[in-house]
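This report refers to the structure that appears directly beneath it.
Along the sequence shown, residues carry numbers from 1. The structure displayed is predicted, hence computed values, not measured ones.
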Amino acid sequence: MWEFKFYSRGGQGAVTAAKILINAAILEGKYGQAIPSYGQERKGAPVYTYARIADAPIDVKAYVYRPNCVICFDTSLADLGIDITEGVRPGSTLIVNTDDKAYENPAFEKVCVIDADKITHERLGEVPPNVAMLGALAKATGCVGIDSLKKAVMSKIPGKAGEKNAETCAAAYENA
């Protein structure tokens, strides 16, 4: 079972990303949960979101305390004392939104660096980097396929905007 913990700031789209990820898993016949954690519901405040994907029904109904995949939308969260390595299992994967290609974190076996902000801004303008982060997540983990992820994006965001978001997701998948 994949257990994800998303670290972001309010307004970066992590809650929506978790929901889209789970919809993609369901399209593939898998089981999933998206579990948002709301606190200070304001732009820029730290936000934690959790998700699970499995091939069988998921019995646990709780936050993810021992993730095997962490998605970090904003590396500056460390400046607030937020430790993205908290509880990670050995062999875990990190998907991190940064332009620092040399970014490393020894707590993770696999680190996928993606400049999701740049990809998003070039293709969509000043919107959250969530679909780009999902593309990188799909590439780094294989937990869902890019085709089902694109379908889930277009289901959440209809019309031309959905198509452009799905293309952005695919571009991030290729760049990850």
Side-chain angles (χ1 to χ4, degrees), residues 1-74 77-78 80-97 105 107-112 114 116 128-158 162 165-166 169 172-173:
M1 173 169 34
W2 281 101
E3 292 192 290
F4 305 94
K5 187 166 184 182
F6 294 73
Y7 290 88
S8 67
R9 292 183 181 269
Q12 290 183 312
V15 172
T16 300
K19 292 175 183 177
I20 292 170
L21 175 65
I22 297 311
N23 286 341
I26 291 168
L27 287 171
E28 294 182 359
K30 298 176 184 176
Y31 295 84
Q33 299 174 340
I35 309 159
S37 175
Y38 297 103
Q40 297 178 347
E41 297 168 357
R42 64 178 174 81
K43 188 172 180 141
V47 174
Y48 308 97
T49 304
Y50 312 90
R52 290 186 179 87
I53 295 176
D55 292 328
I58 302 169
D59 294 328
V60 63
K61 306 284 190 255
Y63 292 146
V64 172
Y65 298 103
R66 302 268 302 141
N68 55 7
C69 185
V70 169
I71 304 92
C72 180
F73 279 60
D74 191 333
L77 290 168
L80 301 175
I82 295 171
D83 179 9
I84 65 167
T85 67
E86 183 181 357
V88 297
R89 291 187 231 165
S92 294
T93 300
L94 170 65
I95 293 86
V96 61
N97 178 17
N105 191 317
F108 297 91
E109 183 175 298
K110 184 177 185 181
V111 177
C112 176
I114 186 80
N130 55 351
V131 294
M133 291 297 286
L134 285 175
L137 171 63
K139 179 74 170 268
T141 66
C143 65
V144 295
I146 189 62
D147 291 334
S148 58
L149 192 54
K150 287 169 49 180
K151 286 179 188 172
V153 167
M154 289 188 290
S155 174
K156 178 70 176 168
I157 308 165
N165 274 272
C169 182
Y173 179 89

Of all residues at least two apart in sequence or in a different chain, which pass the side chain to side chain contact (heavy atoms under 4.5 Å, CB included) check with Arg66?
Arg89, Pro90

Just wondering, do Ile84 and Asn105 contact through their side chains at under 4.5 Å, heavy atoms?
yes

For Lys30, give me all partners under side-chain hydrogen bond (donor to acceptor under 3.5 Å, both in side chains), at least two apart in sequence or on another chain.
Glu28

Mind checking what makes side chain to side chain contact (heavy atoms under 4.5 Å, CB included) contact with Tyr31, not counting sequence neighbours?
Pro57, Ile58

Looking at side-chain heavy atoms only, is the closest gap between Ile35 and Tyr63 below 4.5 Å?
yes

Ala54 to Met1 - nearest heavy-atom pair and separation
CB-CG, 4.0 Å

Phe108: partners by ring-ring contact (aromatic ring centres under 6.0 Å, His included), with sequence neighbours left out
none

Do the side chain of Asn68 and the main chain of Glu3 share a donor and acceptor less than 3.5 angstrom apart?
yes

Can you tell me if Asn97 uses its side chain to pair, donor with acceptor, with the backbone of Ala116 under 3.5 Å?
yes

If we only count heavy atoms from C-beta on, is the Leu149 to Tyr173 side-chain gap below 4.5 Å?
no

What are the two closest heavy atoms between Ala136 and Ile114, and how far apart are they?
CB-CG2, 3.7 Å

Going by the rule side-chain hydrogen bond (donor to acceptor under 3.5 Å, both in side chains), which residues pair with Lys5 if we only count those two or more places apart in sequence or in a different chain?
Tyr7

Where Thr85 and Ala107 come nearest, the two heavy atoms and their spacing
CG2-CB, 3.5 Å

Before giving the answer on side chain to side chain contact (heavy atoms under 4.5 Å, CB included), spell out for Ile22 and Ile53 the whole-Å C-alpha distance, their side-chain angles and the decisive distance to 0.1 Å.
CA-CA 7 Å; Ile22 297 311; Ile53 295 176; 3.8 Å; yes

For the backbone of Gly145 and the side chain of Ser148, can you confirm whether one donor and one acceptor N or O come within less than 3.5 Å of each other?
yes

Taking the side chain as every heavy atom from C-beta outward, state whether Asn23 and Ser155 have any pair of such atoms under 4.5 Å apart.
no

Got Phe6 and Val47 here, is their nearest side-chain heavy-atom distance under 4.5 Å?
no

Closest non-hydrogen contact found for Pro36 with Val15 is CB-CG1, 3.9 Å

Applying salt bridge (Lys or Arg N to Asp or Glu O under 4.0 Å), which residue pairs with at least one partner in residues 129-158 are found, sequence neighbours left out?
none

Hits for side chain to side chain contact (heavy atoms under 4.5 Å, CB included) against Ile157, two or more places apart or cross-chain, chain-then-number order -> Val153, Ala161, Asn165

Qualifying residues under side chain to side chain contact (heavy atoms under 4.5 Å, CB included), relative to Ala78, sequence neighbours excluded:
none

Of all heavy-atom pairs between Ala172 and Ala132, which one has the smallest distance, and what is that distance?
CB-O, 3.1 Å

In sequence, state the C-alpha distance, the side-chain angles, and the governing distance for Cys143 and Leu21, and then conclude on side chain to side chain contact (heavy atoms under 4.5 Å, CB included).
CA-CA 9 Å; Cys143 65; Leu21 175 65; 4.0 Å; yes

Applying side-chain hydrogen bond (donor to acceptor under 3.5 Å, both in side chains) to Gln33 and not counting sequence neighbours gives Arg52

Using the side-chain contact (heavy atoms from CB on, under 4.5 Å) definition, which of the options Ile95, Thr93, Ile71, Val64 pairs with Phe4?
Ile71

For Asp55, which residues count as a side-chain hydrogen bond (donor to acceptor under 3.5 Å, both in side chains) partner, sequence neighbours excluded?
none

For the backbone of Pro67 and the side chain of Ser92, can you confirm whether one donor and one acceptor N or O come within less than 3.5 Å of each other?
yes

For Cys69 against Thr141, the heavy-atom pair lying closest together
SG-CG2, 3.9 Å

